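Within every chain, numbering begins at 1; the chains are lettered A, B, ... in the order of the sequence lines, protein sequences first and strands thereafter. Not measured: the values here are computed from a predicted model.
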There are 2 protein chains.
Amino acid sequence: MDDSRYTDLDEETLFLVSQTFKALADPTRIRILNLLFNREYSVNEIAEQLHLRQSTVSHQLRFLKNLRLVKFRREGTSIYYSHDDEHVLNVLHETIQHALHH
Amino acid sequence: MDDSRYTDLDEETLFLVSQTFKALADPTRIRILNLLFNREYSVNEIAEQLHLRQSTVSHQLRFLKNLRLVKFRREGTSIYYSHDDEHVLNVLHETIQHALHH
DNA sequence: ATAATATATGAGCATATACTCATATAACCA
DNA sequence: TGGTTATATGAGTATATGCTCATATATTAT
């Protein structure tokens, strides 16, 4: 690996990078994001699919929403969530594949 | 994004993936790995470069070592650490660049 | 063997995290 | 308006995490 990859990191970058990975560091959030690879789901649909409580899903979605990793649209009383960050989703996808095949 | 990216994740994969990202979810570990992009460093050199306590560095290196993200070699009383996982290092590098330029 | 240097580790503490229950808020419909 | 369904949120609790100090271990040189 060449030297050009070393950069002294400023506080802000460090925080953003660590926060991004923190989003991916929890099994529940990974399962949610992994489900959203597929298509959009409502909060209750996510809860049912993954056998989680509605409040658990809602709390985690807020976390992912704050980091702009998911977006949502309202339809009646339901809110449908979908992924919203290609880069992070790719990173997750690659790492899952890496884990599955190694 | 196509449907082919959805896979129901087993416990083991989920654990491995979340652990991997957990390694990257802490500012101190990011700084250490980012330093090791460059070249190998001894424990004390890392501590000096990053203004961290020796024990802090040693604890974090143990964490990274357990996940096989770093390797080491002894030279006298010093132990030199270097990175040992191209995939994870690439993911970190890409995400740092992404954060720096967005 | 003893001293000096480098690294590893255990315990303690403060903070962060993730889940759950209960309840609030919001949209829709009769 | 009142009732129903869906989602969000606050508080409480248990566990996890990261740092620090003190000390143990290991290697080298005298």
Side-chain angles (χ1 to χ4, degrees), chain A residues 9 11 14-36 39-82 84, chain B residues 9 11 14-36 39-82 84:
Chain A
L9 301 174
E11 278 291 322
L14 210 49
F15 181 74
L16 181 57
V17 172
S18 64
Q19 280 296 108
T20 301
F21 286 122
K22 203 163 286 182
L24 304 176
D26 175 71
T28 299
R29 287 192 291 270
I30 293 174
R31 293 177 72 212
I32 292 174
L33 288 172
N34 185 59
L35 183 66
L36 298 183
R39 58 170 173 83
E40 65 175 11
Y41 284 83
S42 72
V43 178
N44 271 342
E45 286 174 340
I46 295 171
E48 285 167 28
Q49 280 280 325
L50 304 182
H51 307 291
L52 297 167
R53 309 276 175 158
Q54 178 269 324
S55 72
T56 297
V57 174
S58 191
H59 278 298
Q60 296 295 12
L61 285 172
R62 179 168 55 171
F63 184 108
L64 296 172
K65 189 170 57 182
N66 287 342
L67 279 168
R68 300 180 192 284
L69 300 187
V70 298
K71 62 179 187 290
F72 62 95
R73 67 180 184 84
R74 179 177 280 282
E75 185 176 309
T77 53
S78 293
I79 298 184
Y80 288 87
Y81 281 83
S82 54
D84 197 30
Chain B
L9 301 174
E11 278 290 322
L14 210 49
F15 181 74
L16 181 57
V17 172
S18 64
Q19 282 294 109
T20 300
F21 286 122
K22 201 162 288 182
L24 304 176
D26 176 72
T28 300
R29 287 191 292 270
I30 293 174
R31 294 176 71 212
I32 292 174
L33 288 172
N34 185 58
L35 183 65
L36 297 183
R39 58 170 173 82
E40 66 175 11
Y41 283 84
S42 72
V43 178
N44 271 342
E45 285 175 341
I46 295 171
E48 286 167 28
Q49 279 282 324
L50 305 182
H51 307 289
L52 297 168
R53 308 275 173 156
Q54 178 268 324
S55 73
T56 297
V57 174
S58 191
H59 278 299
Q60 296 295 13
L61 286 172
R62 178 167 58 171
F63 185 107
L64 296 172
K65 189 169 60 181
N66 287 342
L67 278 168
R68 300 180 191 285
L69 300 186
V70 298
K71 61 180 187 290
F72 62 94
R73 69 179 182 85
R74 180 179 279 282
E75 186 175 310
T77 54
S78 293
I79 298 184
Y80 288 88
Y81 281 84
S82 55
D84 196 31

### Query
In whole angstrom, what separates B/Arg31's CZ from D/dG18's P?
15 Å

### Task
Could you check B/Leu24 against A/Leu24 for side-chain contact (heavy atoms from CB on, under 4.5 Å), going step by step and ending with a plain yes or no?
CA-CA 9 Å; B/Leu24 304 176; A/Leu24 304 176; over 6 Å; no

### Message
What I'd like to find out is whether the side chain of A/Arg31 reaches to under 4.5 Å of the side chain of A/Ile46, using heavy atoms alone.
### Response
no

### Summary
Rounded to whole Å, the CZ-P distance (B/Phe21 to D/dT17) equals 16 Å

### Residue whose nearest DNA chain C nucleotide is more 5′ - A/Gly76 or A/Lys22
A/Lys22

### Query
Can you list every pair that meets side-chain hydrogen bond (donor to acceptor under 3.5 Å, both in side chains) and has a residue in residues 17-30 of chain B, with sequence neighbours left out?
B/Arg29-B/Gln60

### Query
Taking C-beta and beyond as the side chain, do A/Asp84 and A/Leu69 meet within less than 4.5 Å on heavy atoms?
no

### Message
Heavy atoms only, 4.0 Å cut-off, all strands: where does B/Tyr80 land among base, sugar-phosphate and nothing?
### Response
nothing

### Query
Does NZ or CZ of A/Arg74 lie under 6.0 Å from the centre of the six-membered ring of A/Phe72, at an angle within 45° of the ring axis?
no

### Message
Please list, in numerical order, the residues of residues 51-64 of chain A that have a heavy atom closer than 4.0 Å to any atom of DNA chain D.
### Response
A/Gln54, A/Ser55, A/Ser58, A/His59, A/Arg62

### Query
Between B/Arg73 (side chain) and B/Tyr81 (backbone), is there a donor-acceptor pair under 3.5 Å?
no

### Query
Side chains of B/Tyr80 and B/Glu75: closer than 4.5 Å at any heavy-atom pair?
yes

## Note on the structure
Taken to the nearest whole Å, CZ/A/Arg73 to P/D/dT7 is 12 Å

### Query
Starting at CG of A/Asp26 and ending at P of D/dA16, how long is that distance when rounded to a whole Å?
13 Å

### Query
Would you say B/Ser82 and B/Leu36 make side-chain contact, with heavy atoms under 4.5 Å?
no

### Message
If I take atom CD1 in residue B/Ile79 and atom P in nucleotide D/dA26, what distance separates them, rounded to the nearest angstrom?
### Response
11 Å

### Task
Please lay out, stage by stage, how A/Gln54 and A/Ser58 fare under the test side-chain contact (heavy atoms from CB on, under 4.5 Å).
CA-CA 6 Å; A/Gln54 178 269 324; A/Ser58 191; 3.8 Å; yes

### Task
Provide, to the nearest angstrom, the distance between the CD atom belonging to B/Glu75 and the P atom belonging to D/dT28.
10 Å

### Interatomic distance, B/Phe72 CZ vs D/dA26 C1' [rounded to whole Å]
13 Å

### Task
Respond yes when some side-chain nitrogen or oxygen of A/Asn44 is under 4.0 Å from OP1 or OP2 of D/dT5, and no when none is.
no

### Message
Under 4.0 Å from a heavy atom of chain A: give me the 5'-most and 3'-most nucleotides of DNA chain C that qualify.
### Response
C/dT17 to C/dC28

